[in-house]
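The structure appears below as structure tokens.
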Amino acid sequence: MQAAERQGFPDEARHLEYFSVPEQPDYVNHAFTVKLSETGKEFEVPKDKAISDVLLENGVHVDVKCADGICGVCKCGLVSGDVEHRDFVLSKAQQQREIVTCQSRASSEGATITLDL
Ligand code: FES
């Protein structure tokens with residue numbers, strides 16, 4: 001990936017696929033709100049749960065496979081909100097408009113993320 005970047009391949013032309021979870025930084029979880037753009041429904045996401053957990057608990061279907069941020073199955077459209085992207089699958093360009101719901105979270109306590117759901 002570094003060699004491709006040095007050679008000038010754009011971000012969207014580079015892809016790295018993980019088969020196990022790479023080492024992650026020591027993230028700090030915050031509670032936040034997730035809002036669905038289609039219905040306007042809002043759900044609180046506590047510190048100890050993922051967006052995908054909360055959606056499923058509230059009857060909102062989202063596919064989940066790895067739950068580790070490496071497969072991309074749980075991604076959905078991101079309408080607004082500052083996100084701490086914790087996945088290993090989306091490109092920087094994709095992270096501007098998509099979110100991996102099993103791992104990524106709002107970047108600050110009490111913030112709201114609006115999903116294209
Ligand atoms: S279920 Fe695999 S990235 Fe979320």
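Ligands are counted one by one from 1 in listed order, and the atoms in each one are counted from 1 as well. Only heavy atoms go into these numbers, but all of them, side chains included; no hydrogens, no water, no symmetry mates. Residue numbers count from 1 along this sequence.
- Residues Val100 and Val45 do not share a hydrophobic cluster, clusters being chains of Ile/Leu/Val/Met/Phe/Trp/Tyr side chains in contact below 4.5 Å.
- Annotation: the span from Arg86 atom CZ to Arg105 atom CZ amounts to 6.0 Å, rounded to 0.5 Å.
- The shortest distance between side-chain heavy atoms of Thr101 and Val34 does not fall below 4.5 Å.
- A continuous path of hydrophobic side-chain contacts links Val83 to Leu36 [ILVMFWY only; heavy atoms under 4.5 Å].
- Other residues, nucleotides and ligands contribute only 12 or fewer heavy atoms inside 6.0 Å of the CG atom of Asp82.
- At a cut-off of 2.8 Å, measuring from atom 2 (Fe) of ligand 1, the protein N, O or S atoms that fall short of it are Cys66 SG, Cys71 SG, waters left aside.
- Counted by atom type alone, Thr114 and Ser80 present one or more donor-acceptor pairs between their side chains at under 3.5 Å.
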